[in-house]
Amino acid sequence: MTAVAPGVFLQSVAKATPRDTPVTDDVRYGMLIDTTKCADGCSDCVAACEKENGLDLLEKPQGASDELWDMQRPRWIRTVKLKNNLTGRITSLPMMCQHCEHPPCVDVCPTGASFQRADGLALVDRHTCIGCRYCMMACPYNARSFIHENVQIKPTAVPRGKGCVESCTFCVHRLDRGDMTTACQDACSHDAIVFGDLKDPNSAVSQAMAKHTNVEIRADLKLNTAVRYTDI
Amino acid sequence: MKKIHYREWGIESPRYWGLLAVLATIVAVGGFATLYMEHEGHWVTGMSNQIVWGTPHVFAIFLIVAASGALNVASVGSVFGQTMYKPLARLSGLMAITLLIGGLIVLVLDLGQPSRLIVAMTTYNFKSIFAWNIYLYVGFIVIVAIYLFTMMERKANSYSKGVGVLAFVWRLALTTGTGSIFGFLVARQGYDAAIMAPMFIIMSFAYGMALYLLVLMFTFNTDDRPLGDGVLRRLKNLLGVFVAAIFYFTLVYHLTNLYGTENHAYEAFILRDGGVYTWTFWIGWVLLGMLVPMGILFHPALGMQRGAITAAALLVVLGGLSAIYVIVIGGQAFPLSMFPGHTIIESAYYDGVNGMARAYSPSLPEFLLGLGGFALALLVTFIGVRLLQFLPVSLADEVADPQRG
């Protein structure tokens, strides 16, 4: 807040890194999913993601079958329900790009279009993606989507084009604006999603991770994912 | 061995142009199918976000693998000094190039953004085996072209052996690269195995040999050129040995998987419960692709009949397409193992609910694109043998001397 006159204040703008300043590795964005809070049957995070990233603007092509289109439409976050084979315990959780520290999608990309930012985000450069889908073959989480159809409406913040691959960006357009939340986190009324800077020990996500035992999915691959889950 | 003379393929013009017209039509249909898929997007194919590589990849990988194998005949002559194979070498080099071009065209045209090929040729991530493959494939075409030159230009003949050795080593690297596309995929249960690279090499030996034999027999037969029984016997025996080697690798691959409990679900899927993939494996890959051809090729009477040898070679090709189909599509259809010890009971995005496989039905345009690649490879081969002296005038036993090693 900046005082311009007695009793008159200017709302200060969020502190965004200027566009010409490279992203640094001073931060690493991460997320903790508390599966004990994730409510069965709720898909608020999915709806919020689709709205935020323009996925709801895509229409089924004329003549496409409903069944096939459902497998072909892009989806950055999805809900999954698991049953423990031994105990029968049921767990609900959202799955999305896990923003690995050692992302297989980045390793296999022939052109380097799949890349990792200094702050840990695994992203796709839509200008150099040739649409080979090798990253989708390599992702252990089925997190990536290919744009199978012509795109009519292209959101400015989330560029999209037919024939390229994309996935969850941790709402990078928000982060680069200086915001510190993702759309899925904002939408979760059960507080099951905590997001923040893993390198800041005082951030909410670091505090939550220190407090709750949590695991990474497919820990055997040693990818050091930025998304962790409690109580699986 | 007598001096070998080469001559352009001399079948009468109407037959030749008729053959080219048929192949060109198939290529054109494949081209239109591609335009349709590129214009509409991949939603008109059977591919999805779960089965991301479909039928075009099956054809493309088969052709690329067969291309390196087609060079084998030349290698046996140049690198291993078997004189009988030397007259066969030119066609072998030509087919290595044309099959690779056919496969690469299919691969490129199935990209989401084929117009960005220039990006793929100029922007590299060298940790990606795909990026290496771009060099391996282009380098292969250049080296084999030089190899052909050293064989066909008398003044350059003395370099033939050296270039032949380079081409042989390069083709081993190339197929290792192709097999490693799968071998390096840690995410999926069916891949992530070092055996993929040598298995692809041995597959290439057989598939390339089968296609080579078919083209050799067709071009000689239609042009009334003698092809001796002794020559054919050695070639078909070699094909038989290569098929037996695939059998061995297939066996080792699955036995190794069956030993580790973590792979039991995947093995059960491919070998028992996978529906179309199980059928394709047992009927296509194993029975028609390996057992029947081996039975024919090693049978004392059948193995000497040209019709039976042709049938065996065709079956090896069919078996090869089946094998690649099971590896590429079957490997993707099996759901990712994300939560060991858990069963996914609901998913909004096809995560293999209750272990269910991901669905894929090949679409016609995908198939036509793949077929177009095949036709293109044959079209360029037939133009090549018509224009230049790739085929020996005679491969009669007294000319080629198959007894002499």
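The structure displayed is predicted, hence computed values, not measured ones. In the text below, chain A, chain B and the rest are named by the order of the sequence lines, each starting its count at 1.
Chain A forms more heavy-atom pairs under 4.5 Å with one residue of B:M121, B:Q332, B:E38, B:K127 than with any other, namely B:K127. Between chain A and the options B:S115, B:G331, B:A187, B:S128, the largest number of non-hydrogen pairs under 4.5 Å is found for B:S128. When each of B:A120, B:A348, B:A131, B:A359 is scored by its heavy-atom pairs under 4.5 Å with chain A, the top score falls to B:A348.
Atom-to-atom distance recorded for B:N125:CG and A:S114:OG is 9.0 Å, nearest 0.5 angstrom.
The stretch residues 350-358 of chain B places B:Y350, B:D351, B:R358 near chain A, each with some heavy atom under 4.5 Å from a heavy atom of that chain.
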Could you pull out every donor-acceptor pair under 3.5 Å between side chains of residues 51-58 of chain B and any protein atom, sequence neighbours left out?
from: B:W53; atom 1: NE1; to: A:C132; atom 2: O; distance (Å): 2.8
from: B:T55; atom 1: OG1; to: B:Y360; atom 2: OH; distance (Å): 2.7
from: B:H57; atom 1: ND1; to: B:D110; atom 2: OD2; distance (Å): 3.3

Output side-chain donor-acceptor pairs under 3.5 Å for residues 56-65 of chain A, partner residues at least two apart or in another chain, one line each.
from: A:K60; atom 1: NZ; to: A:A64; atom 2: O; distance (Å): 2.8
from: A:K60; atom 1: NZ; to: A:D66; atom 2: OD1; distance (Å): 2.8
from: A:S65; atom 1: OG; to: A:L68; atom 2: N; distance (Å): 3.0

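Minimum heavy-atom separation, B:R116 to A:T128: NH1-N, 4.1 Å. Taking all atoms of both residues into account, the shortest heavy-atom contact from A:I232 to B:F339 is CD1-CE2, 4.3 Å.
Checked against B:M47 for a side-chain contact (heavy atoms from CB on, under 4.5 Å), the options A:R133, A:M71, A:Q72 give a single hit: A:R133.
Using a 4.5 Å cut-off between heavy atoms, B:S180 contacts chain A through its backbone alone, with no side-chain atom that close.
Applying the side-chain contact (heavy atoms from CB on, under 4.5 Å) criterion to A:K222, with sequence neighbours excluded, gives no partner residue.
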